Amino acid sequence: MEQSELIEKINLLRKEKNAVIMAHYYQEGAIQDIADMIGDSLALAQWATKTTADILVVCGVHFMGETAKILSPHKKVMVPDMNAGCSLADSCKAEDFEAFIKQHPDHTVISYVNTTAAVKALTDVVVTSTNARKIVDQFPQDAKLIFGPDRNLGDYINKISGRNMVLWNGACHVHEQFSVEQLVSLKKQYPEAKVLAHPECKNVVLMLADYIGSTQALLNYATESNDTTFLIATESGIIHEMQKRNPSKTFIPIPPVDSTCGCNNCQYMRLNTLEKIYECLKNETPEILVNEAIRVKAVKPILKMLEMSK
Ligand code: 13P
Ligand code: SF4
């Protein structure tokens, strides 16, 4: 089917079924262009609480669909490809995380949103990369805190907030893969360029960055800055919106180690396609379902996050 025909069919179905398409910035450009809303993981969660649609098609990875379902249990929530997982969420199994928490009694548990519903159910407050600093800052300086599962984000927050949170040893395979060699070489090639990095990147990359922030923060920075050339150390899907908002600026993706391709894509995010969105709207599957006992526990730390990030 031609892309224009596919989009026409998607448009008819979403209208007929009162459905909305929510897309993360790491989706392919064609999906971002047809979405009813695009955002980072915090914006997607906030939007899930506000929309009056009956069906949410979450174009992102599984935990993003799950977060939307936890917040909107009476809506039908779908992710176009159920295999869209997340290596970071996978690095933190609920039973292992529970044992880790038991090893650190009296600690408050802070979990990054990149976790399963079962891990969120063990958590006191969820954070995203956009609000992690703001939320951690609301705890007393001497509070005993556990932070999981991203060790790079946790280490970065520890450094900037003068904390000593106990960190779970997990990471995102995409953000850990940026080639420092290529970054240094690109910096030489474009000496005027500013390096923008997501805090899930390794410390050595963050040390070379001019600005560190969540996906949304990097987009805002690039848009508001007077600089015109940027080297991007996060999933390259964000460059689509950066370029759209800033047509005269230049955005260069930093490549991963061991790759012939010039950019760093999350293969899970890229499993979603326009075809799968169409199939998903037509057949109303695959649907995200969350065990109710887990959901009632998992919703509390997410609502706490939404409250603390106001
Ligand atoms: P954001 O919170 O910046 O949207 O990041 C989500 C994510 O999956 C990063 O890899
Ligand atoms: Fe997970 Fe990394 Fe992909 Fe984000 S980029 S969804 S953290 S694997």
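The residues of the chain are indexed from 1 along the displayed sequence. In listed order, ligands and their atoms are each counted from 1. Computed over heavy atoms, backbone and side chain alike; hydrogens, waters and symmetry mates excluded. Small disclaimer: the values here were computed from a predicted structure and weren't measured.
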Contacts table for residues 46-53: side-chain donor-acceptor under 3.5 angstrom, sequence neighbours left out:
| residue | atom | partner | partner atom | Å |
| --- | --- | --- | --- | --- |
| T49 | OG1 | Q46 | O | 2.6 |
| T51 | OG1 | A53 | N | 3.0 |

Quiz item: Near E200, which atoms of ligand 2 are under 4.0 Å from a heavy atom of that residue?
Solution: 7 (S)
Quiz item: Can we call the ring centroids of W168 and F97 under 6.0 Å apart?
Solution: yes
Quiz item: Do the non-hydrogen side-chain atoms of M305 and N131 ever get within less than 4.5 Å of each other?
Solution: yes
Quiz item: Does a sphere of radius 6.0 Å around CD in Q267 hold more than 12 heavy atoms from other residues, nucleotides or ligands, not counting ones at 6.0 Å or beyond?
Solution: yes
Quiz item: side chain to side chain donor-acceptor pair (under 3.5 Å) with E66: which residues, sequence neighbours excluded?
Solution: none
Quiz item: Is the Y211 ring parallel, tilted or perpendicular to the Y221 ring (thresholds 30°, 60°)?
Solution: parallel
Quiz prompt | Heavy atoms of other groups near M1 CE, more than 12 under 6.0 Å | solution = yes
Quiz item: When you check the gap from the basic side-chain N to the acidic O, do K187 and E192 get nearer than 4.0 Å?
Solution: no
Practice problem: Hey, could you give me the SG/OH distance between C172 and Y112, rounded to the nearest 0.5 Å? | Solution: 8.5 Å
Exercise. Could you grab the distance from atom NZ of K276 to atom SG of C59, nearest 0.5 Å is fine?
Key: 11.0 Å
Quiz prompt | Under 4.0 Å from ligand 1 - residues by heavy atom, chain and number | solution = H24, Y26, D40, S41, Y112, N114, S129, H175, H198, E200, S214, T215
Exercise. Give me the protein N, O or S atoms that fall under 2.8 Å of atom 1 (Fe) of ligand 2, sorted by chain and residue number.
Key: C86 SG
